[in-house]
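Comments concern the structure below.
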2 protein chains.
Amino acid sequence: MTTVSDARVVRTREALRRAMTELAAESPLDAITVRAIAARAGIGYATFFRHYADKDALLSEVADLLIREFMTEVRPLLMQRDRRGAARTIVYFVLGHLPIYKALIAGGSGETVRAEMLRQTLVTMAATRQRQPEGPLDDFIFFHIVSAILNQLAWWLRHEGAIDADAMAEIIERTVLTPVSDLRQNPPKGL
Amino acid sequence: MTTVSDARVVRTREALRRAMTELAAESPLDAITVRAIAARAGIGYATFFRHYADKDALLSEVADLLIREFMTEVRPLLMQRDRRGAARTIVYFVLGHLPIYKALIAGGSGETVRAEMLRQTLVTMAATRQRQPEGPLDDFIFFHIVSAILNQLAWWLRHEGAIDADAMAEIIERTVLTPVSDLRQNPPKGL
DNA sequence: CCATTATGATCCACTGTGTATCGTAAGTGC
DNA sequence: GCACTTACGATACACAGTGGATCATAATGG
């Protein structure tokens, strides 16, 4: 395959990721053609396939980079007990990278991208988990936290300005983090 | 267009809805072709287009029927203050119609179907709302309730048997309904 | 029973995908 | 700086899926 150290390759892939991000902000994923991505990136159509097997591979890479960046910042906060601090960090991190997160999480393809981010986050976290899950409840809780926060952020980014960042952090803490923490400490009987 | 009272039309459309439901349980939506739907339904390819403009129109109708059925049963419960009862009703209703809900909410196209159900539910509820939303928080809360419960049900149906119905109802009440109720009664300052 | 109308079969133009080829241009290593 | 390597753009292609059209056939409702 292509050499990764070649400056042309780096340029081309960056252009493709950028084009994908822009287009995903404007329209649903299945309305975006490979030709449109290539055209937006300013590269030839066939060249696209030298770098990515298909549209979804490119989307996966974009989502993956986003998740890595996000996790690096947010994970340390999740480990400590300060739920409000964690919520604030998440909200302000998104706010600090508004264009790309708005495009991908709340844009025309947000649906698909959130599903991909959820999938990759679950895989990543499963691999790097501190302690093993103690039962189905742990799996459920983790799934719920990630999907609920992603969906809440999507709403927030689509209604920019409707709720200020600190209020949003409080909402995430009170509607997701704290209830889930209570559930874990006092599980339903029968589990 | 086609006459709705003609027995042939009724039969054909039922066959198409059934085929769509079955196929949606098996594979992601964009992997399902109109030809496959027509073949599964036992009707001609071109006949499909006499009844639905495209695949998505059929999916919309299927989702719409599902939502009507669900709402008829669940809405009265949501109006009262008995949150645990409402959660139990939701869970047992889904359990009582397991095949179709499992197929559509948790199946191969669950992603797309949940998005469609969320969309249609928001539209329906906006039209029949008891009182007008009092601000952005009401909009947000409604979006969160519907999407969080749909996602939790999807997890539950995909991990059938992992959590029993009563425990699931308790979880929905404690992680969604009660926190949201608290939020509404005591909103973050600044809203 | 008969006029109506949905249906199945088939054909077609159109769009998007992914592969192959080939001459050109740019980058890399010495 | 120069030669070698490799990515690139352009183009052509087979293939799959879409949605519209036609027409003879069969089911339906009055």
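Since this is a predicted model, take the numbers as computed values, not measurements. Below, chains carry the letters A, B, ... as their sequence lines are ordered, and counting in each starts from 1.
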Rounded distance in Å - CG (B:Asp56) to P (D:dT18): 11 Å

Measuring from the side chain of B:Phe49 (C-beta onward, heavy atoms only), which nucleotide among D:dA7, D:dG17, D:dG19 has the closest atom? D:dG19

Which nucleotide, D:dT18, D:dC8, C:dT17, lies nearest any side-chain atom of B:Val34? D:dT18

Sorted by position of nearest nucleotide on DNA chain D, 5' first, the leading residue of B:Ile32 and B:Ala7 is B:Ile32

Should the ring pair B:Phe93 and B:Phe70 be called parallel, tilted or perpendicular, given that the plane angle runs from 0 to 90° and is split at 30 and 60? perpendicular

From B:Leu104, B:Thr21, B:Val113, residue fulfilling side-chain contact (heavy atoms from CB on, under 4.5 Å) relative to B:Leu66: B:Leu104

Using atom CZ of A:Arg35 as one end and atom C1' of D:dA12 as the other, report the distance to the nearest whole Å. 11 Å

Counting distance only, does the side-chain N/O of A:Ser109 pair as donor-acceptor with the main-chain N or O of A:Thr112 below 3.5 Å? no

What's the closest nucleotide to the B:Arg11 side chain, out of D:dG29, D:dA27, C:dA26? D:dA27

Are A:Glu14 and A:Arg18 close enough for a salt bridge, meaning some N to O gap below 4.0 Å? no

Co-membership, hydrophobic cluster, residues A:Val74 and A:Phe143, 4.5 Å side-chain: yes

Value in whole Å for how far the P atom of D:dA16 lies from CG of B:Asp30: 17 Å

Would you say A:His51 reaches D:dA7's phosphate, i.e. side-chain N/O to OP1/OP2 under 4.0 Å? no

Does a side-chain N or O from B:Arg8 land closer than 4.0 Å to OP1 or OP2 of D:dG29, or not? no

Residues of residues 37-47 of chain A with a heavy atom under 4.0 Å from any atom of DNA chain D, listed by number, are A:Gly42, A:Ile43, A:Gly44, A:Ala46, A:Thr47

Under the 3.5 Å rule, do the base of D:dG20 and the side chain of B:Arg50 count as making a donor-acceptor pair? no

Integer-rounded Å distance: D:dA21 P and B:Phe48 CZ: 17 Å

What would the secondary structure line of DNA chain C be in dot-bracket form, counting Watson-Crick and G-U wobble pairs under 3.5 Å, with [ ] for pairs that cross earlier ones and | for pairs with another strand? ||||||||||||||||||||||||||||||

Answer yes when B:Glu160 and B:Lys102 have at least one side-chain N-carboxylate O distance shorter than 4.0 Å, and no when they do not. yes

Check this for me: does any side-chain nitrogen of one of B:Asp138 and B:Arg184 sit under 4.0 Å from a carboxylate oxygen of the other? yes

Has A:Thr178 got a side-chain atom pairing as donor or acceptor with A:Arg174's backbone, closer than 3.5 angstrom? no

Electrostatic pair B:Glu111:A:Arg119 at N-O distance under 4.0 angstrom: no

Nearest whole Å is fine: how far is D:dA7 P from A:Leu16 CG? 15 Å

How long is the line joining CD of B:Glu14 and P of C:dT7, in whole Å? 13 Å

For B:Asp6 and C:dT4, what is the distance between atoms CG and P respectively, to the nearest whole Å? 15 Å

